[in-house]
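Everything below concerns the one structure shown next.
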Number of protein chains: 2
Amino acid sequence: MTNRLEDLLFTLQAAVTLEDLQAVLESLRDHYNVEHTVYHWVNSVGERYGAGTYSAEWVDRYLEKDYLRMDPVIFGCFQRFTPVSWKELDWSSKPAREMWQDALDHGLGNQGYTIPIRGPSGQFALFTLNASLSDEEWAQFIDDNARDLMILGHEFNKKALEFEQWGEDGSVPALSPRELESMSCLARGMSRAQAAAELNISEHTLRVYIESSRHKLGAMNTTHAVARALSAGIIII
Amino acid sequence: MTNRLEDLLFTLQAAVTLEDLQAVLESLRDHYNVEHTVYHWVNSVGERYGAGTYSAEWVDRYLEKDYLRMDPVIFGCFQRFTPVSWKELDWSSKPAREMWQDALDHGLGNQGYTIPIRGPSGQFALFTLNASLSDEEWAQFIDDNARDLMILGHEFNKKALEFEQWGEDGSVPALSPRELESMSCLARGMSRAQAAAELNISEHTLRVYIESSRHKLGAMNTTHAVARALSAGIIII
DNA sequence: TTGAAACTCCCCATAAATAGCGAGGCAGCG
DNA sequence: CGCTGCCTCGCTATTTATGGGGAGTTTCAA
């Protein structure tokens with residue numbers, strides 16, 4: 001790792017505002033001589049947050065076309081633990097190919113590398129580099145910098161979590177043990193009658209737990225409550 | 001990073017059995033000249049999996065006394081993103097102090113450093129180093145090796161996920177675009193009527209998508225289907 | 001071009017979930 | 001000693017979801 005990169009890490013660790021993060025990302029882009037550097041996350045209620053060097057046009061376009069819901073980068077990273085080079089992903093679907101072309105038209109390079117990063121309470125973030133290079137050059141670049149990039153991604157996420165106090169406050173409601181068990185049973189496919197039998201309580205009592213879970217999670221219905229509980233990482237299937 | 005550590009990383013990446021992981025952990029302990037090195041994960045049903053250099057007696061003791069349910073290291077790491085030195089944790093409760101003493105009596109060193117690692121579908125693992133050193137020496141050791149340890153922890157988790165095919169296999173059924181949209185709407189709390197309106201289709205049509213999604217996902221009901229889709233990472237709230 | 005898969009729509013009957021009203025016992029906390 | 005939160009149980013009525021049937025178009029790939 002060069003001294004320049006150490007400087008950037010130091011600047012990152014000293015960051016106190018979103019603008020600081022943005023500045024570090026821009027310095028990083030210049031340091032690596034790539035097209036774009038981006039850090040962003042998607043949380044359990046669908047709120048987004050991010051910083052990076054994408055043009056405002058592309059960001060607007062991305063949101064307007066709701067690419068978030070079909071972006072192979074997002075889905076690919078969400079299902080994996082390890083970072084991924086964009087060309088390894090599945091771009092075979094028509095909307096994906098259209099998005100890819102759209103991205104190229106908006107100034108993105110043909111190569112990308114995205115690191116999935118997960119934090120407490122189901123937090124999920126992505127750290128991305130985008131460049132215009134041949135496959136060979138890109139593979140070499142990744143090979144040379146993968147570890148540094150992972151450290152950088154984690155430092156960005158650490159900062160972002162500090163900003164948002166993710167999970168420190170009551171942002172993820174605490175469910176009681178019985179409520180968690182109820183949610184877990186439902187997530188595993190049991191009907192209310194089955195779940196009640198599993199927990200050795202009356203179906204009515206189970207219903208009370210489901211209701212209180214729903215209210216705590218701010219959910220519209222049982223499915224929503226289970227989805228939020230899963231997404232927040234307070235239950236797993 | 002020394003060549004010796006590079007060798008260990010190479011060995012780790014070539015590992016194909018649990019015994020290989022165990023061997024790498026032992027080499028790692030010797031390399032760092034610490035008391036213990038451990039990698040393990042914990043899932044929601046309390047199933048464990050791990051490898052490390054703790055004595056069989058301590059592992060048995062830990063399980064027998066159900067320390068898993070109150071271990072400050074587990075709880076602390078579960079709530080944080082960043083690695084933690086054990087002395088930073090809250091050991092004020094009586095059971096925690098008793099466990100601490102018990103651990104010392106079973107050959108653990110007085111210093112520990114644990115890295116929380118998260119993978120897809122709520123997977124959660126810990127990579128731990130334990131040693132007998134003064135606070136100053138330990139702080140210096142961590143300062144010198146934090147980045148290498150993070151890389152190592154992630155490589156261990158990558159291997160463990162490969163062993164268990166944790167979500168990385170191709171066994172996730174492919175839903176059609178409309179089916180995915182239907183699941184996504186339901187996961188975000190819409191009723192069938194609302195979701196149908198959102199997708200500009202009749203409620204009957206939406207029902208067809210939900211049914212087909214359920215069958216493809218092998219789910220017992222809608223909530224189960226949404227839970228599986230979320231867990232598989234094919235939809236994101 | 002043929003066929004599979006996706007997409008769209010409809011009816012009917014039953015099962016399940018939701019909303020509202022209750023109630024009491026038990027633990028921990030200030 | 002109240003307060004709050006958790007755990008447990010009951011009733012009624014309404015809304016919503018599910019399971020079974022069928023049938024037509026479009027779209028994309030073999």
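Keep in mind that what you see is a predicted model, and the values were worked out from it rather than measured. Here is the naming used below: chain letters follow the sequence lines, and residue numbers restart at 1 for every chain.
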- Task: Would you please classify the geometry between the B/Y39 ring and the B/W41 ring as parallel, tilted or perpendicular, with 30° and 60° separating the classes?
- Result: perpendicular
- Message: Could you check whether any side-chain heavy atom of B/L108 comes within less than 4.5 Å of a side-chain heavy atom of B/Y54, counting everything from C-beta outward?
- Response: yes
- Message: At 4.0 Å (heavy atoms only), tell me whether A/S212 reaches a base, stays on the sugar-phosphate, or touches nothing.
- Response: nothing
- Note on the structure: In short, B/Q79 meets A/P120 closest at the heavy-atom pair O-CG, 3.3 Å
- Between P of D/dA17 and NE2 of B/H204, the distance in whole Å: 12 Å
- Task: Output yes when a side-chain donor or acceptor of B/Q111 lies under 3.5 Å from a complementary backbone atom of B/L133, and no otherwise.
- Result: yes
- Message: Would you say the ring centers of B/F127 and B/F156 fall short of 6.0 Å from each other?
- Response: yes
- Message: Using five pairs at each end of the helix from C/dT1-D/dA30 to C/dG30-D/dC1 to define an axis, what is the angle between those two axes, to 10°?
- Response: 70°
- Query: Residues from residues 194-203 of chain A sitting under 4.0 Å of DNA chain D, heavy atoms only?
  - Reply: A/I201, A/S202
- Item | Passing option when B/H106 is tested against B/W58, B/Y62, B/Y67 for ring pair (Phe, Tyr, Trp, His ring centres under 6.0 Å) | B/W58
- Whole-Å distance separating the CD1 atom of B/I210 from the P atom of D/dA17: 8 Å
- How about B/F81 and A/H154: are their ring centroids closer than 6.0 Å? yes
- Note on the structure: With a 4.0 Å cut-off (strictly under) to non-hydrogen atoms of chain A, the first and last hit nts on DNA chain C, 5' to 3', are C/dA17 to C/dG20
- Query: Donor-acceptor pair, A/Q194 side chain versus A/M190 backbone, under 3.5 Å?
  - Reply: no
- Query: Considering residues, nucleotides and ligands other than B/K87, do more than 12 of their heavy atoms fall under 6.0 Å from its NZ?
  - Reply: yes
- Taking all non-hydrogen atoms of both residues, which atom of A/G107 and which atom of A/E35 are closest, and how far apart? O-OE1, 4.2 Å
- Item | Contact state string [nucleotides 20-30 of chain D, B base, S sugar-phosphate only, - no protein heavy atom under 4.0 Å] | B-------S--
- Where is the tightest heavy-atom contact between A/N221 and B/S191, given as atom of each residue plus distance? ND2-N, 4.4 Å
- Message: Run the ring-ring contact (aromatic ring centres under 6.0 Å, His included) test against B/W100 and tell me which residues pass, sequence neighbours left out.
- Response: B/W91
- Message: Under 4.0 Å, heavy atoms only, any strand: does A/S176 hit a base, just the sugar-phosphate, or nothing?
- Response: sugar-phosphate
- Find which nucleotide of DNA chain D each of A/K216 and B/N221 is nearest to by heavy atoms, and output the residue with the more 5' nucleotide. A/K216
- Using only side-chain N and O atoms of A/Y209, determine if any of them is under 4.0 Å from OP1 or OP2 of D/dC6. no
- Query: For the pair made of CG in A/L180 and C1' in D/dC7, what is the distance, rounded to whole Å?
  - Reply: 14 Å
- Pairing residues for B/E181 by the side chain to side chain contact (heavy atoms under 4.5 Å, CB included) criterion, not counting sequence neighbours: B/R178, B/L199
